[in-house]
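Here the structure is laid out as structure tokens; the discussion comes afterwards.
All chains are named by letter (A, B, ...) in the order of the sequence lines, taking the proteins before the strands, and each is independently numbered beginning at 1.
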Amino acid sequence: MNRDIIRIYAMVGLLLLSYYVLQDPIFREFDVSEYEGEEKAFYFTKIIDSGSSYTAEIGFSKNNISVISDAKLSIGEVVSFYGVINNGRLYVEKYKVHEHPYMVYYLSIVGLFLFIILISRR
Amino acid sequence: MPDWVSHLLLGYFVATLLGIKNKKPVYIGVLLPDAFKIFIPLMTLLEINNTILMNFFAPYHTVVGVFLSGIIVASFFENLKTAYMGVILGAFTHLVADSFLYPWGTNIWFLWPLWQGDPGTGILWSDSFTPLFITSLLSIFAFTYRKVVESKL
């Protein structure tokens, strides 16, 4: 079969998959009320406010959640939380403060250069 | 995701153990599921909603998406079948490595649309150096193994 036709079929397949996901999204805007009473993990949230509770910004959706925790956290820290959602707040059972949250991106830039070197070798 | 260095080293390890001579398709396959992430900073700058963007590109990080995008990549190689096998092998090492992330559980959508559950296999944090350390050791082992095999031939 002609390679151009193979590419077109594959691209149409990918576009159909993407269209299907846009109709029935995998990633949704976070609505805390949907998870009332449930245990849930939030990875790599950013602390944007502190007081009687913490406010954490969630991932790429940039939604916020109120977090109740004994941990001593400061604004700007990147923290993963696991806990129960009650009355629209996350009651933390365990947490992890990320010391180097962006290390994966820096290493991936190194990886990209490594990839270019490996691919361009004869 | 573990970082791309770890992914590439894991791809090198597997390809070397399997005796694959042309590793370029494997390296491309290794980064293929994450290829769309290059667009994310650009889209952020253009203020396009990231949720829509993530959903649009989400299928590329699934088994089905890898099979389809792998065809496009492999079609640029002279030997389509061999290249396709290499790309798929590389992409699968990527997806398997990613399944070890998220220690507190999460929905993994690699097998979407067939299954989108929590496999409970998460043991590593994505900002951990452990994957880099382990894959470095594996790569050194594979490199030494290849040299020993070549010296016997």
Side-chain angles (χ1 to χ4, degrees), chain A residues 1 3-30 39-44 59-63 78 80-83 93-94 96 98-115 118-121, chain B residues 1-9 11-12 23-24 26-28 30-31 34 37-38 40-41 44 49-62 64-65 67-76 80 101-107 109 112-113 116 122 125-129 131-132:
Chain A
M1 195 188 292
R3 290 192 180 210
D4 286 338
I5 293 172
I6 292 173
R7 285 171 200 148
I8 290 167
Y9 276 137
M11 284 170 84
V12 168
L14 282 169
L15 281 172
L16 284 174
L17 280 176
S18 293
Y19 177 76
Y20 183 78
V21 178
L22 286 175
Q23 301 303 308
D24 183 17
I26 291 173
F27 299 105
R28 297 169 191 273
E29 295 290 333
F30 177 71
E39 291 188 347
K40 193 156 174 59
F42 294 92
Y43 294 101
F44 295 90
F60 53 83
S61 70
K62 306 291 182 196
N63 293 135
V78 176
S80 292
F81 294 108
Y82 180 86
E93 291 177 3
K94 47 191 174 183
K96 176 179 170 57
H98 296 281
E99 302 282 336
H100 311 286
Y102 306 111
M103 186 53 70
V104 66
Y105 299 109
Y106 301 140
L107 276 172
S108 292
I109 292 167
V110 176
L112 188 59
F113 283 113
L114 178 65
F115 172 75
L118 290 169
I119 288 297
S120 54
R121 274 195 328 178
Chain B
M1 64 167 187
D3 59 275
W4 284 359
V5 178
S6 304
H7 277 306
L8 284 167
L9 291 175
Y12 169 79
K23 297 186 181 66
K24 285 181 185 178
V26 180
Y27 296 139
I28 294 172
V30 159
L31 296 192
D34 275 352
K37 288 180 180 171
I38 290 170
I40 291 176
T44 307
N49 186 332
N50 265 352
T51 311
I52 295 171
L53 184 74
M54 290 296 284
N55 279 308
F56 184 82
F57 287 114
Y60 291 73
H61 204 282
T62 64
V64 179
F67 277 126
L68 288 172
S69 53
I71 293 172
I72 298 171
V73 171
S75 70
F76 290 98
L80 193 145
L101 298 177
Y102 305 112
W104 296 334
T106 192
N107 286 0
W109 34 277
W112 177 92
Q116 190 189 336
W125 293 95
S126 64
D127 62 336
S128 161
F129 286 104
L132 183 62

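- Put simply, of A:Tyr20, A:Tyr102, A:Phe113, the one with the most heavy-atom pairs under 4.5 Å next to chain B is A:Tyr20.
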Might you work through the side-chain contact (heavy atoms from CB on, under 4.5 Å) test for B:Trp112 and A:Val21, ending with a clear yes or no? CA-CA 10 Å; B:Trp112 177 92; A:Val21 178; 3.2 Å; yes

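- For A:Tyr43, the part lying near chain B is the side chain, with the backbone staying farther off; criterion is any non-hydrogen pair under 4.5 Å.
- Heavy-atom distances place no part of B:Pro131 under 4.5 Å from chain A, backbone and side chain included.
- Taking both residues in full, the closest heavy atoms of A:Ile26 and B:Ala58 are given as CD1-CB, 4.0 Å, listed atom of the first, atom of the second, then distance.
- Considering CD1 of B:Ile72 and CD1 of A:Ile8, their distance stands at 10.5 Å, rounded to 0.5 Å.
- A:Pro25 and B:Asn55 make their closest contact through CB-ND2, 3.5 Å (heavy atoms, listed as atom of the first residue, atom of the second, distance).
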Applying side-chain contact (heavy atoms from CB on, under 4.5 Å) to A:Leu15 and B:Phe56, what does each step give before you reach the verdict? CA-CA 9 Å; A:Leu15 281 172; B:Phe56 184 82; 4.0 Å; yes

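- Distance CD1/B:Ile52 to OG/A:Ser18: 13.0 Å, rounded to 0.5 Å.
- Only the side chain of A:Ala41 comes within contact range of chain B, judged by heavy atoms closer than 4.5 Å.
- In this structure, the portion of B:Leu132 lying under 4.5 Å from any heavy atom of chain A is its side chain and not its backbone.
- The CG atom of B:Asp127 lies 12.0 Å from the OH atom of A:Tyr106; values are rounded to the nearest 0.5 Å.
- Only the side chain of A:Phe44 comes within contact range of chain B, with at least one heavy atom under 4.5 Å from a heavy atom of that chain.
- Between A:Gly111 and B:Trp4, the closest heavy-atom pair is CA-CB, 4.1 Å.
- Taken to the nearest 0.5 Å, the CZ atom of A:Arg121 stands 6.5 Å off from the OH atom of B:Tyr27.
- Note that the CZ atom of B:Phe67 and the CG atom of A:Leu14 stand 13.0 Å from one another [nearest 0.5 Å].
- The greatest number of non-hydrogen atom pairs below 4.5 Å with chain B, out of A:Glu99, A:Met103, A:Lys94, is found for A:Lys94.
- Per-residue heavy-atom pair counts under 4.5 Å with chain A were compared for B:Ser128, B:Pro59, B:Ser75, and the maximum is reached by B:Ser75.
- With respect to chain A, the highest number of heavy-atom pairs below 4.5 Å among B:Val30, B:Leu80, B:Asn107 belongs to B:Leu80.
- Using a 4.5 Å cut-off between heavy atoms, B:Trp109 touches chain A through its side chain atoms alone.
- Remark: A:Arg3 is not positioned above the aromatic ring of B:Phe76, lacking an NZ or CZ atom under 6.0 angstrom from the ring centre and at most 45 degrees off the axis.
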Could you check B:Ile71 against A:Tyr9 for side-chain contact (heavy atoms from CB on, under 4.5 Å), going step by step and ending with a plain yes or no? CA-CA 9 Å; B:Ile71 293 172; A:Tyr9 276 137; over 6 Å; no

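- Contacts of A:Lys96 with chain B are made by both backbone and side-chain atoms, with heavy-atom separations under 4.5 Å.
- Of the possible donor and acceptor atoms, none in the side chain of A:Tyr82 sits under 3.5 Å from a partner among the backbone N and O of B:Gly105.
- How far CG of B:Leu8 is from CD1 of A:Ile119: 8.5 Å, rounded to the nearest 0.5 Å.
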